[in-house]
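The model shown is predicted, which means the values in this text are computed figures rather than measured ones.
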Amino acid sequence: MRFRRSAIGLVVATGVVIPLSVVPPATAQPTDAPALAASVPPSYEWSNAAISGGGYVPGIVYSQTEPGLVYARTDIGGAYRLDRDSDEWVPLLDHVGWDDWNRLGVLSLATDPIETNRVYVATGMYTNEWDPSPGAILRSDDYGSTWDASPLPFKVGGNMPGRGIGERLQVDPSDTDVLYYGAEQGQGLWRSTDAGATFSRVESFPNAGDFVPDAGSGNSYLMQNLGVLWTAFDTSTTDAGAPTRTVFTAVADTDDILYRSDDAGATWQPVAGAPTGFLPHHGIVDEAGRFLYLSTSNTSGPYDGSDGQVWRYGIDDGTWTEVTPTLRPVGVDFGFAGLTIDRSDPDTIMVASQIQWWPDILIFRSTDRGETWTPIWDYAYDESGSYVAARYSQSIDDVPWLAFGKEVSGPVPWAEPTPKLGWMVSALEIDPFDSDELMYGTGATIYRSDDLTAWDEPGGVIHLAPEAFGIEETAIQDLAAPAGDIDVVSAMLDLGGFIHDDLDSVPQSFQAPYFGGGTSVDVAGLEPDVIVRAGTDGSGARVVAASVDGGDSWTTSPAADGATGSGTVTVNADGSGIVWTPDGVAVRHSADGGTTFAEVAGLPAGARVESDRVDPRRVYAFAGGVFYRSDDGGATFAAVSEGTLPDEGPVRFAATPGSIGDVWLAGGSDEGGAYGLWHSQDAGATWTATSGFDEADTVGFGKAAPGATTPAIYTAASRDGERGVYRSTDGGASWWRINDDAHQWGWIGADIEGDPDVFGRVYIATNGRGIIVGDDTAAAEPAAWNAGSVYVEGDVVAHGGAAWVASWWTRGQAPGSKKNGAWQEIAATPTGVAVWTASRIFDAGDIASFGGELWRARWWTRGDEPGAKKNGPWERLG
């Protein structure tokens with residue numbers, strides 16, 4: 001379905017909800033600008049194809065002083081603020097660009113309780129060698145609309161073990177120019193006294209932590225010191241405006257987990273009697289009751305935790321009381337993570353299990369400060385037998401993929417419910433102004449209840465539903481945009497992928513077979529209902545699935561035994577053949593719709609494959625700097641070009657819709673060697689570098705501009721030193737940058753696709769921000785032809801229900817009025833093939849559709865009807 005909601009208030013410019021007319025910077029001018037009317041500067045609005053969540057939400061942070069203000073942080077997809085009017089989350093870090101991609105990892109987030117417009121995030125993706133860049137503290141004084149950065153002299157691990165612990169970054173509620181940050185890797189405790197502009201190490205803090213998730217693993221990801229974990233404040237003895245005197249800071253040291261300062265951080269002492277043997281995941285100060293609560297686990301999380309405790313510490317008398325919930329319905333212990341207090345009723349606290357994979361997590365609630373607890377579910381018995389006594393009901397009607405390929409069913413004894421309450425629950429928060437609002441983050445979404453206090457009533461049930469609308473946290477691996485009712489098809493990690501026929505509605509994920517992770521997807525160039533996808537099925541097998549009915553039903557291939565990954569897959573132009581390159585094993589070919597496969601000759605394992613969009617005999621491949629071609633539908637391949645293209649770094653390439661043998665390739669490495677954008681017009685035998693591109697990483701095609709004779713081309717690239725998303729409407733002669741610095745989305749090197757039905761629409765694959773959708777608000781139908789106007793070469797008009805382009809200067813000559821006049825009627829099929837019209841000029845090799853068949857021009861022709869002459873300029877294909 002080709003419907004889009006109103007542009008007003010949908011696109012976010014670094015976090016601010018604004019009208020969506022983004023005019024490219026004045027410096028983003030095209031080179032060699034054509035006369036074509038489509039060279040009017042594009043003006044883009046940006047949104048997402050709705051998936052809603054899709055990844056781990058380790059932190060939810062409510063403002064303690066501004067009602068309704070709440071933020072969420074993700075491990076690879078940036079930070080968000082909830083827009084209470086639309087009930088959707090607004091992305092705040094879309095300005096993060098290609099070079100600073102690591103800033104989409106958010107390890108911690110803090111709000112200012114006095115100047116509530118201030119918000120801070122600690123950003124960085126990894127502390128090991130995967131991320132070459134140090135971290136930073138970003139600060140905003142307009143609720144995340146714009147940001148300034150304070151670089152740190154060490155790395156920050158927003159996607160490392162322990163990322164659900166915290167919050168590491170805290171604003172002193174008494175003097176909000178003071179911030180504390182607990183660093184990883186033994187870097188200690190850091191403090192700012194100028195509202196986050198600069199930070200320095202608190203040299204008096206005595207313990208930098210020593211806990212490593214798995215020191216003997218040999219895996220650098222598991223061998224990083226978690227460091228200093230979080231800070232909490234007791235302001236009761238502090239004058240307003242002065243730094244808080246009593247400060248608690250937790251450390252990843254199972255022997256000494258907690259330190260206290262009573263002189264605003266000048267000196268620190270271990271808290272006597274603190275529990276040992278566990279990591280303190282969260283700490284909350286209850287100033288009314290004079291308590292500090294701790295949730296602990298024996299591991300860093302978020303994927304593990306087999307033991308843990310909950311403690312209550314008397315701030316004034318120094319007494320420790322264990323208040324761990326004792327219930328274990330399936331007899332298995334677990335650690336604790338998510339912890340919250342009802343600020344409107346401080347007797348009420350809640351805590352969640354860090355992980356209990358089977359059958360489900362547990363959330364506990366106490367209305368007497370931890371003396372007694374009730375669980376969100378338990379096993380119970382009556383005269384009819386055992387049952388699950390649940391204090392909740394749960395609906396995923398608006399986000400159906402949360403069933404993860406299973407039938408929806410309520411909780412029953414000794415079985416997993418569908419959907420589950422969640423897993424990896426590090427974020428658990430009661431709205432400080434509304435005792436009925438609870439939100440908690442899982443490994444896939446945020447759940448919300450608006451009737452939480454019903455839990456406390458006899459037989460009371462709370463209602464849970466997803467609350468991640470606007471949060472798009474998926475890592476997209478591949479995209480395809482077929483002509484017709486389907487907008488875009490995706491392959492992605494974790495969720496497998498989706499078929500979107502309405503960009504604003506959350507669809508069901510791939511089913512039958514369900515994919516736990518997808519790596520590749522393709523659509524036949526001439527048969528858009530034929531779709532193939534590669535991924536990992538529910539049993540862990542590497543398979544391909546093929547559909548001939550637009551995804552309504554699928555044929556599943558035999559598993560690729562021994563494969564280390566699912567690789568890439570392509571289907572040839574008429575849907576008659578499939579080539580699949582699973583990682584680590586031989587490339588294979590199917591001629592029966594994916595039921596059986598045979599090994600391919602002449603192509604190395606791990607090659608990337610794509611099909612010609614018109615000629616079903618031609619399939620292309622690339623590996624190790626060599627370009628390969630098959631002329632028999634993918635059964636055999638031969639090398640056709642080497643030495644020109646990149647031999648290092650990732651490469652993406654695609655064949656041009658509506659043409660045979662026209663291929664574009666992007667890729668390379670900034671570490672040396674070839675890197676850029678190349679074009680071949682002879683099926684890969686020779687290549688021409690596209691001038692101006694010092695780097696290019698993706699290439700894709702969309703519907704041609706009005707009057708244009710070639711599809712629009714899109715690429716994520718660096719042109720003349722400026723990173724961005726670029727578009728050409730004249731076959732690559734000139735380019736416009738179509739995004740701006742407020743819309744960059746980190747690393748976007750996996751794929752880009754234009755829409756074949758909507759000129760100007762583009763789909764961008766991101767690594768943590770889902771599927772970005774761009775629409776050109778400046779795109780318009782051409783103006784009607786006017787007899788009194790002067791037209792020059794390239795001008796486009798509408799006349800008689802068709803689009804016409806001027807071949808030379810003309811005035812007063814109606815389009816179509818003369819056989820060899822100034823005007824050419826330009827039209828194309830939905831799959832991008834030119835439609836033959838009597839006025840259009842075709843050159844040798846051009847493809848045209850006429851009479852339900854495809855024809856290729858032998859030489860220059862105009863006005864010669866295909867098939868009308870035995871030895872005419874046209875030859876029938878197929």
Would D755 and Y763 satisfy side chain to side chain donor-acceptor pair (under 3.5 Å), going step by step from the backbone distance to the final call?
CA-CA 7 Å; D755 192 298; Y763 306 103; 2.5 Å; yes
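- In this structure a side-chain-to-backbone donor-acceptor pair under 3.5 Å is missing from Y221 to Y126.
- You'll find the side chain of V121 stays beyond 4.5 Å of the side chain of R73, heavy atoms only.
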Exercise. Step by step, work out the side chain to side chain contact (heavy atoms under 4.5 Å, CB included) result for V663 and F627.
Key: CA-CA 11 Å; V663 186; F627 197 82; 4.1 Å; yes
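- Taking 4.5 Å as the limit, every side-chain heavy atom of I748 sits out of range of all side-chain heavy atoms of W101.
- In summary, R719 and D694 do not engage in a salt bridge, as defined by a charged side-chain N under 4.0 Å from a carboxylate O.
- Considering all non-hydrogen atoms of both residues, P657 and P711 come closest at O-CG, 3.6 Å.
- Considering all non-hydrogen atoms of both residues, T570 and V532 come closest at C-CG2, 4.1 Å.
- To the nearest 0.5 angstrom, T656 atom OG1 is 8.5 Å from Q681 atom CD.
- Between V619 and F637, the closest side-chain pair of non-hydrogen atoms falls below 4.5 Å.
- Once rounded to the nearest 0.5 Å, the distance linking CZ of F622 with OH of Y628 reads 9.0 Å.
- A donor-acceptor pair shorter than 3.5 Å cannot be found between the side chains of N572 and S611.
- Judged by distance alone, with hydrogens and angles left aside, the side-chain atoms of T698 form a donor-acceptor pair with the main-chain N or O of A716 at under 3.5 Å.
- Relative ring orientation between F498 and W401 is described as perpendicular, the plane-to-plane angle rising above 60° on a 0-90° scale split at 30° and 60°.
- The nearest pair of heavy atoms linking V523 to V571 is C-CG1, 3.6 Å.
- For the pair E473/I51, no side-chain contact is recorded, criterion being any heavy-atom separation below 4.5 Å from C-beta on.
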Where do V106 and L93 land on the side chain to side chain contact (heavy atoms under 4.5 Å, CB included) test, with the steps shown first? CA-CA 10 Å; V106 181; L93 298 181; 3.8 Å; yes
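- Taking each heavy atom of G684 and S641 in turn, the nearest pair found is O-CB, 3.0 Å.
- Residues D131 and N159 have side chains not in contact (no heavy-atom distance under 4.5 Å, counting atoms from C-beta outward).
- The distance from atom CH2 of W580 to atom NE2 of H589, rounded to the nearest 0.5 Å, is 14.0 Å.
- Environment of CZ in R608: crowded, with over 12 heavy atoms of neighbouring residues, nucleotides or ligands closer than 6.0 Å.
- With S728 contributing its side chain and S734 its backbone, the two residues share a donor-acceptor pair below 3.5 Å.
- Stacking of R727 on the aromatic ring of W736 is not recorded, the 6.0 Å distance cut-off and the 45° axial limit not both being met.
- By the 4.5 Å heavy-atom criterion applied to side chains, I660 and I847 are counted as neighbours.
- Under the rule for a side-chain contact (heavy atoms from CB on, under 4.5 Å), the partners of T829 that lie at least two apart in sequence or sit in another chain are T831, V833, V835, S849.
- When side chains are defined from C-beta on, R163 counts as touching Y56, because their heavy atoms get closer than 4.5 Å.
- Side-chain contact between F510 and I499 is present, with heavy atoms from C-beta onward closer than 4.5 Å.
- Ring centroid separation for the pair W678 and F653 does not come in under the 6.0 Å cut-off.
- Interatomic distance, CG of D478 versus CG of D522, reported as 7.5 Å (0.5 Å rounding).
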**Asked** Hey, mind stepping through V543 and F515 against side chain to side chain contact (heavy atoms under 4.5 Å, CB included) and telling me if it holds?
**Response** CA-CA 9 Å; V543 297; F515 275 7; 3.6 Å; yes
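- The ring-ring contact (aromatic ring centres under 6.0 Å, His included) search around Y675 returns none, not counting sequence neighbours.
- Among all heavy-atom pairs drawn from V96 and Q744, the shortest one is O-CB, 3.3 Å.
- Side-chain atoms of H500 come within 3.5 Å of backbone atoms of A50 as a donor-acceptor pair (strictly under, hydrogens ignored).
- Using a distance-only test at 3.5 Å, with no hydrogens or angles considered, a donor-acceptor pair links the side chain of D776 to the main chain of S43.
- For S669, the side-chain contact (heavy atoms from CB on, under 4.5 Å) partners at least two apart in sequence or on another chain are E648, E671.
- Taking OG1 of T690 as the start and OH of Y726 as the end, the distance is 13.5 Å to the nearest 0.5 Å.
- For D751 (side chain) and A765 (main-chain N/O), no donor-acceptor pair under 3.5 Å exists by modelled atom type.
- Nearest heavy atom pair, residue D612 against residue S659, reads OD1-O, 3.5 Å.
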inquiry  = side chain to side chain contact (heavy atoms under 4.5 Å, CB included) for F759 and T729? Distances and angles first, verdict last.
reply    = CA-CA 10 Å; F759 167 63; T729 58; 3.9 Å; yes
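- S520 places no side-chain N or O within 3.5 Å of a backbone atom of T568 that could act as its donor or acceptor partner.
- A distance of 9.5 Å separates OG1 in T127 from CG in L107, rounded to the nearest 0.5 Å.
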- May I have the step-by-step check of salt bridge (Lys or Arg N to Asp or Glu O under 4.0 Å) for R617 and D631, ending in yes or no? CA-CA 5 Å; R617 298 170 301 175; D631 293 318; over 6 Å; no
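- Salt bridge present: R723 and D697 bring a charged side-chain N and a carboxylate O closer than 4.0 Å.
- Under the 3.5 Å distance criterion, the side-chain polar atoms of D682 are matched with a main-chain donor or acceptor of A685.
- With hydrogens and angles disregarded, no donor-acceptor distance shorter than 3.5 Å links the side chain of K155 to the backbone of G124.
- Formation of a donor-acceptor pair under 3.5 Å by the T536 side chain with backbone atoms of G516 is not found in this model.
- No side-chain donor-acceptor contact under 3.5 Å links T777 and D775.
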